[in-house]
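Quick notes on the structure that follows.
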Amino acid sequence: MAVDYLVIVVYLAGMLAMGWWGMRRARSKSEFLVAGRRLGPAMYSGTMAAIVLGGASTIGGVGLGYQYGLSGAWMVFTIGLGLLALSVFFSARIARLKVYTVSEMLDLRYGGGRAGIISGVVMWAYTLMLAVTSTIAYATIFDVLFDMNRSLAIVLGGSIVVAYSTLGGMWSITLTDMVQFVVKTIGVLLLLLPIAVVKAGGFAEMQAQLPTGYFDPLGIGGETIFTYVLIYTFGMLIGQDIWQRVFTARSDRTARWGGTIAGTYCLAYALAGAVIGTAAKVLYPKLGSADDAFATIVKDELPVGVRGLVLAAALAAVMSTSSGALIACATVANNDIWSRLRGLGTAPSGDHDEVKGNRAFILLMGIAVIGTAIAIDDVVQALTVAYNLLVGGLLVPILGGLVWKRGTVYGALASVVVGGLAVIVLMATHGILANEPVYYGLLASLAAYVIVSLATPATDAAVLAAWRERLAGRSPELASEPVAAPQ
């Protein structure tokens, strides 16, 4: 195990070193929060794939494969579909807005800050819980490596992410995500996948040992797949953590094609996780928990050195999602909530002065994330609450603002409030893990948006004209943005 330990230690030290190097580049608000909007196709696609494929997609994806077979790929598959839809249909328009948060987009589209602050609170809760659930995953990985206490593992893993994110912001996260993307690709796709299949005796032996349902692409159930689409595919379209990566693209073409490549990679990663889990079912048919499949097959079947690299890949998956959610949470907390409560709205105050404030918020949110991760026991319920509120409350006003010009600020407010309340009430009456909250919450949000928008005066023509100029990339407000430099 000494070699495995060395691989992990070198990897973690490298993450901190890149955070320090990134600090030298993050000298303005734009550099710190969105990497100066200068990422080219290679870096953009790699970092986008890294953030959406976290611990749930890696450890959880293998667990679903263990439980359901090949159809266990659907959760991660729907994440890939969401990223493809975002990249093909919306990413170019989002990138041209040159904003920092989803709430700022709502302000531009509907006029004023009334919709923005409410959506900011919902988005902050979502990104906080996403960061928390990613941070909890350190306990699983460090338990395999060092048999470490749960709380200590969370503090150790979380502190490293908070450190490099605080130092260099999005530049540090971009650099570390690229390394994490490479490590995940090698560790999961090129090493663990073929070794697991060979150890299980090949596909023919796997088919002979397992029920035919394990090889049914729809075996997990149509209702489950539909729920995954509602939560994960739609969640990819509107999450601050994903939009903030779109803001880093240096051009429309980069956002569209780089995201398409990342989405396609997610589809391959989904299938790989399901196959690994299916192989683990052959090797260990009676595990106490399906989520133990990843750790068990890594611990028992991989040779020294390779085991360390694959565990580093799992760490990479967790850290990439954790850091992306952390900077998104801090950006929303500072720009959408704190600045508005202080009466600053979205008025710029000078990029260099704002770097210090955003860095402080990452540190503050990081401490909150680590503390909450230690206190929370049920990861699945926490993440379900976050996604239900995100999709039920924000999907309709965000996508409606992008595609329907008749939508109004009152319709957007009604949509957020009605959809959010419907989700909360239905979770209380039907249970947090029930499908009804997101189903009916989304329908209520849509109905409120359409009815109230049609019943209230249309958005002011001047607001819509400014919105169209911004979408076209012609707004004079963009003059303060740094010119994209070639990579």
Side-chain angles (χ1 to χ4, degrees), residues 4 53-80 133 136-137 139-141 143-145 184-228 232 266-304 306-318 379-380 383 433:
D4 296 327
L53 296 174
S57 299
T58 304
I59 299 171
V62 171
L64 287 172
Y66 183 89
Q67 188 173 1
Y68 297 104
L70 297 185
S71 65
W74 272 105
M75 184 187 77
V76 184
F77 201 82
T78 55
I79 291 173
T133 53
I136 290 173
T140 300
I141 299 169
D143 178 61
V144 175
L145 277 171
K184 277 194 289 192
T185 301
I186 295 173
V188 175
L189 297 185
L190 302 183
L191 291 176
L192 183 57
L193 174 60
I195 290 174
V197 172
V198 170
K199 291 283 186 177
F203 286 106
E205 183 64 20
M206 290 163 63
Q207 288 181 307
Q209 292 285 338
L210 297 173
T212 56
Y214 266 73
F215 302 92
D216 179 358
L218 302 178
I220 198 170
E223 185 178 358
T224 299
I225 295 170
F226 182 65
T227 302
Y228 285 159
Y232 297 114
C266 291
L267 303 183
Y269 200 89
L271 184 58
V275 171
I276 293 168
T278 304
K281 183 67 176 179
V282 173
L283 295 168
Y284 311 100
K286 296 182 180 180
L287 288 179
S289 169
D291 286 337
D292 293 336
F294 180 89
T296 302
I297 197 169
V298 169
K299 197 172 185 179
D300 294 349
E301 302 297 335
L302 299 185
V304 173
V306 173
R307 179 170 51 218
L309 185 57
V310 173
L311 287 170
L315 265 179
V318 173
V379 180
V380 175
L383 191 59
L433 299 180

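Expressed to the nearest 0.5 Å, how far OG1 of T224 lies from CE of M75 amounts to 12.5 Å. Here the CG atom belonging to D300 is positioned 8.5 Å from the CZ atom belonging to R307, to the nearest 0.5 angstrom. Separating the CE atom in M206 from the CG atom in L283 is a distance of 8.5 Å, to the nearest 0.5 Å. Rounded to the nearest 0.5 Å, atoms CG (L267) and CD1 (I79) are 11.0 Å apart. Atom OG1 of T278 and atom CG of L70 lie 5.0 Å apart (nearest 0.5 Å). From L302, atom CG reaches atom CD1 of I195 across 5.0 Å, with rounding to the nearest 0.5 Å.
Nearest heavy atom pair, residue G69 against residue A274, reads O-CB, 3.8 Å. Shortest non-hydrogen contact noted between A200 and E205 is O-CG, 3.4 Å. The nearest pair of heavy atoms linking L189 to P194 is O-CD, 3.5 Å. For the residue pair V188 and A313, the shortest heavy atom distance occurs at CG2-CB, 4.2 Å. Of all heavy-atom pairs spanning V62 and A293, the tightest one is CG1-CB, 4.0 Å. Taking all atoms of both residues into account, the shortest heavy-atom contact from I297 to A196 is CD1-CB, 3.6 Å.
Ring planes of Y228 and Y232: tilted class, angle from 30 to 60°.
Within the 4.5 Å cutoff, the side chain of I276 has no heavy atoms near those of the F294 side chain. Taking 4.5 Å as the limit, every side-chain heavy atom of F77 sits out of range of all side-chain heavy atoms of L271. Y284 is not listed as a side-chain neighbour of D292, based on a closest heavy-atom distance of 4.5 Å or more. For the pair Y66 and L287, the minimum side-chain heavy-atom distance is below 4.5 Å.
Proximity of a side-chain donor or acceptor of K184 to a complementary backbone N or O of L53 within less than 3.5 Å is detected. Looking only at distances, no side-chain donor or acceptor of W74 sits under 3.5 Å from a matching main-chain atom of A270.
Using modelled atom types and a 3.5 Å distance limit, the side chains of Q209 and Y214 yield no donor-acceptor pair.
A side chain to side chain contact (heavy atoms under 4.5 Å, CB included) with L192 is found for exactly one of V275, V298, I186, L309, namely V298.
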